[in-house]
J.: 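If you scroll down you'll find the structure; I have some questions about it.
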Number of protein chains: 2
Amino acid sequence: MKQDATSPLAGEPGVDRRARILDAAERCFVRSGFHRTTMQDVAAEAGMSPGNLYRYFPSKDAIVEGLAERDRCEMAADFAAIAHADDFMTTFRALGRKHFQDEPRGKAILCLEIWAEATRNATMGEITRTFEREVMGRLAALIEEAQGRGEIPCQVDAHGIAVIICTLGDGLFVRRAILPDFDAEEEVGRVLHLIGALLKGEASLGEANLQHERCDAEASS
Amino acid sequence: MKQDATSPLAGEPGVDRRARILDAAERCFVRSGFHRTTMQDVAAEAGMSPGNLYRYFPSKDAIVEGLAERDRCEMAADFAAIAHADDFMTTFRALGRKHFQDEPRGKAILCLEIWAEATRNATMGEITRTFEREVMGRLAALIEEAQGRGEIPCQVDAHGIAVIICTLGDGLFVRRAILPDFDAEEEVGRVLHLIGALLKGEASLGEANLQHERCDAEASS
DNA sequence: ATAGGGAGAATGAACGTTCATTCTCGCCTG
DNA sequence: CAGGCGAGAATGAACGTTCATTCTCCCTAT
């Protein structure tokens with residue numbers, strides 16, 4: 001399918017047909033949703049014929065799933081990049097700002113679409129759940145690392161905070177997609193501040209799971 | 001089928017045709033989503049013919065919108081009910097548990113569906129935004145009342161916390177819909193605990209909007 | 001020439017909506 | 001009290017459209 005490695009050349013041409021199609025589909029889906037988007041729409045947006053789409057994807061569903069998977073990977077990559085940050089809160093803050101402010105609002109809309117679909121389509125459900133699990137795991141791991149380094153007090157409940165962070169993140173996505181006058185600067189700032197406070201141990205998350213581990217720092221895995 | 005007007009009785013008979021249709025539609029939408037649900041599906045679920053649906057709703061979209069509106073009203077009613085609670089946190093906790101634990105998971109799924117639709121359909125967007133605004137306003141008002149009563153320290157940022165609560169709530173809805181093994185008991189508990197801590201002033205939400213109002217308690221409106 | 005990437009018309013199923021027809025019942029008349 | 005009339009409720013087949021998918025043919029590069 002992809003040709004000579006010599007030329008990933010002008011415009012955005014040869015890169016990969018599939019990528020072009022996914023880009024087009026993403027724009028369509030954000031504009032009209034999965035179900036109101038027709039293959040003709042995607043074809044037009046991608047600057048090719050409807051029939052030709054089927055050379056690269058076996059079905060419309062495959063495009064939807066391909067898109068969900070691609071997004072998941074992009075995000076996972078971002079997370080991986082800060083895997084071993086030196087200062088947790090700083091890199092985390094950057095990550096938050098990137099995903100909730102710098103990325104276009106369309107990403108949030110697409111996200112809603114994917115979630116809605118995930119409640120019915122087994123494949124998309126799996127993709128979504130895997131993603132959630134991965135983010136969660138990485139978050140908890142990062143926090144525990146930071147605790148090992150003494151950056152974060154060790155009586156805070158790493159897992160609990162990771163869940164809260166995910167919940168807040170999902171909530172931000174929803175609000176950003178739904179409210180046209182969503183003030184990203186302010187809302188993201190507030191959420192980040194709150195997370196910062198939690199990580200400093202300024203408020204506990206419940207008596208239940210206080211901490212099972214010892215605190216005498218032995219950190220790096 | 002139904003008899004003498006004397007008895008709005010057994011089963012769920014004469015109440016209102018429209019309600020019966022909305023109930024049926026809700027079940028279908030949760031199962032298959034707005035777009036994969038056909039009018040024939042709704043008709044079958046409602047135990048009537050497709051053509052008859054059009055006696056009560058002018059179009060499929062009207063059913064969708066009717067459903068969104070009905071849900072919004074139900075929730076608003078719940079909020080109104082605790083409008084002047086004596087102990088904020090107690091009644092709030094009950095409200096949270098009701099909506100995130102007792103209500104069936106389908107409500108959360110429907111919510112995702114509505115949100116996704118709200119990003120495109122003007123009518124649904126308006127319904128959703130009105131709802132958000134109302135919940136927000138009421139929350140902030142309740143918190144300020146409680147501050148007036150001295151129940152909550154007045155240096156906490158009522159508006160800021162209201163936004164955080166909404167964000168957490170939206171996030172919980174998403175997680176509940178998406179994760180089949182969502183542990184409502186635990187997650188809702190944790191979120192409620194966090195909100196409780198925030199309301200006790202255990203963590204601030206940023207330096208920006210510390211407080212504009214004086215604190216010398218003058219409360220009841 | 002030829003292969004294969006691509007275009008775009010064709011296909012057929014599915015769906016929202018309509019409408020002619022049937023059913024149900026309360027009410028009026030004798 | 002019987003009989004039948006009429007209005008509103010309900011039915012379900014049919015229509016016209018939309019859309020995913022397929023098919024056929026063309027164009028270009030070798």
Side-chain angles (χ1 to χ4, degrees), chain A residues 1-4 6-29 31-67 113 117 120-121 123-124, chain B residues 1-9 11-25 28-29 31-67 113 117 120-121 123-124:
Chain A
M1 252 100 243
K2 90 280 300 279
Q3 42 281 65
D4 41 326
T6 66
S7 54
L9 63 152
E12 52 171 66
V15 218
D16 193 12
R17 242 77 182 114
R18 285 176 58 97
R20 167 128 76 114
I21 293 172
L22 290 180
D23 289 340
E26 177 163 339
R27 264 169 276 139
C28 291
F29 290 158
R31 197 188 310 128
S32 322
F34 291 155
H35 297 284
R36 275 205 258 276
T37 296
T38 73
M39 289 301 260
Q40 328 268 339
D41 292 339
V42 176
E45 184 82 31
M48 63 179 69
S49 64
N52 200 32
L53 295 177
Y54 288 86
R55 185 174 293 281
Y56 301 98
F57 291 92
S59 71
K60 188 186 179 184
D61 276 354
I63 295 183
V64 171
E65 288 160 12
L67 198 53
E113 204 74 25
E117 202 61 17
R120 289 178 262 285
N121 176 318
T123 306
M124 307 228 6
Chain B
M1 256 92 239
K2 99 281 306 266
Q3 39 284 69
D4 40 326
T6 65
S7 50
L9 65 152
E12 53 173 61
V15 218
D16 192 14
R17 246 59 189 140
R18 286 177 57 98
R20 166 129 75 114
I21 293 174
L22 289 181
D23 289 341
C28 289
F29 290 158
R31 195 188 313 126
S32 321
F34 291 155
H35 297 286
R36 276 205 257 277
T37 296
T38 73
M39 289 300 260
Q40 323 272 339
D41 292 340
V42 177
E45 184 81 32
M48 63 180 68
S49 64
N52 201 33
L53 296 178
Y54 288 86
R55 179 174 296 282
Y56 303 98
F57 292 92
S59 70
K60 188 185 178 185
D61 276 354
I63 296 184
V64 171
E65 289 159 14
L67 198 54
E113 204 74 25
E117 203 62 15
R120 292 178 257 287
N121 176 320
T123 307
M124 308 232 356

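Reminder, nothing fancy here: chain letters follow the sequence lines and each chain counts from 1.
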J.: CZ of B/F34 versus C1' of C/dC15: gap in Å, rounded?
T.: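 In whole Å, C/dC15 C1' lies 18 Å from B/F34 CZ.
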J.: Taking only heavy atoms on the protein side, list every residue of residues 51-58 of chain B lying under 4.0 Å from any atom of DNA chain C, sorted numerically.
T.: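 Only B/G51, B/Y54 qualify.
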J.: Name all pairs fulfilling the ring pair (Phe, Tyr, Trp, His ring centres under 6.0 Å) condition that reach into residues 39-60 of chain B, sequence neighbours left out, sorted by first residue then second.
T.: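 For residues 39-60 of chain B, and leaving out neighbouring residues, there are no ring pair (Phe, Tyr, Trp, His ring centres under 6.0 Å) pairs at all.
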J.: Look at all strands and tell whether A/M39 reaches a base, only sugar-phosphate, or nothing, counting heavy atoms closer than 4.0 Å.
T.: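 If one applies the 4.0 Å heavy-atom cut-off, A/M39 turns out to touch a base.
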J.: Considering residues at least two apart in sequence or located in another chain, which fulfil the salt bridge (Lys or Arg N to Asp or Glu O under 4.0 Å) criterion with B/R18?
T.: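 Residues passing salt bridge (Lys or Arg N to Asp or Glu O under 4.0 Å) with B/R18: none at all.
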J.: Just need the stems in DNA chain D: three or more back-to-back Watson-Crick or G-U pairs, each with both distances under 3.5 angstrom, sorted by first number.
T.: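 When the pairs of DNA chain D are grouped into runs of at least three, the stems are C:1-30 with D:1-30.
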J.: Are any non-hydrogen side-chain atoms of B/E113 and B/V64 less than 4.5 angstrom apart?
T.: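 Side chain of B/E113 against side chain of B/V64, heavy atoms only: no contact under 4.5 Å found.
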J.: Output the rounded distance in Å from CZ (B/R36) to P (D/dA20).
T.: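 Value for this atom pair: 12 Å.
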J.: To the nearest Å, how far apart are A/D61 CG and D/dC19 P?
T.: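 After rounding, the gap between these two atoms is 16 Å.
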J.: According to salt bridge (Lys or Arg N to Asp or Glu O under 4.0 Å), who are the partners of B/R31, at least two apart in sequence or on a separate chain?
T.: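 Applying salt bridge (Lys or Arg N to Asp or Glu O under 4.0 Å) to B/R31 gives B/E45.
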J.: Expressed as a whole number of angstroms, how long is the span from A/H35:NE2 to C/dA14:P?
T.: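 In whole Å, C/dA14 P lies 17 Å from A/H35 NE2.
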J.: Do A/I21 and A/M48 have side-chain heavy atoms sitting under 4.5 Å apart?
T.: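 Answer yes - side chains close enough.
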J.: Using side-chain heavy atoms (C-beta onward) and a distance below 4.5 Å, is A/D41 in contact with A/R36?
T.: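 Sidechains of A/R36 and A/D41: no contact.
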J.: Round to the nearest Å and state the distance from B/R17 atom CZ to D/dA10 atom C1'.
T.: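 Taking atom C1' of D/dA10 as the reference, CZ of B/R17 is at 9 Å.
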J.: Answer yes or no: does a side-chain N or O of A/S49 lie under 4.0 Å from OP1 or OP2 of C/dG8?
T.: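 For C/dG8, OP1/OP2 do not have a side-chain N/O of A/S49 under 4.0 Å.
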J.: Toward the 5' end of DNA chain C, which comes first, A/G47 or A/Q40, by nearest nucleotide?
T.: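 The residue whose closest nucleotide sits nearer the 5' end is A/G47.
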J.: Round to the nearest Å and state the distance from A/K60 atom NZ to C/dA13 atom C1'.
T.: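 Rounding to the nearest Å, NZ of A/K60 and C1' of C/dA13 are 15 Å apart.
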J.: Kindly indicate whether the side chain of B/V42, heavy atoms from C-beta on, has any atom under 4.5 Å from the side chain of B/K60.
T.: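 B/V42 vs B/K60: side chains apart.
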J.: Taking salt bridge (Lys or Arg N to Asp or Glu O under 4.0 Å) as the definition, give me every residue that meets it alongside B/E65, ordered by chain and number, with sequence neighbours left out.
T.: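 Salt bridge (Lys or Arg N to Asp or Glu O under 4.0 Å) check on B/E65 returns nothing, list empty.
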J.: In terms of ring plane angle, is the pair B/F34 and B/F29 parallel, tilted or perpendicular, where the classes change at 30° and 60°?
T.: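 Ring orientation of B/F34 relative to B/F29: perpendicular.
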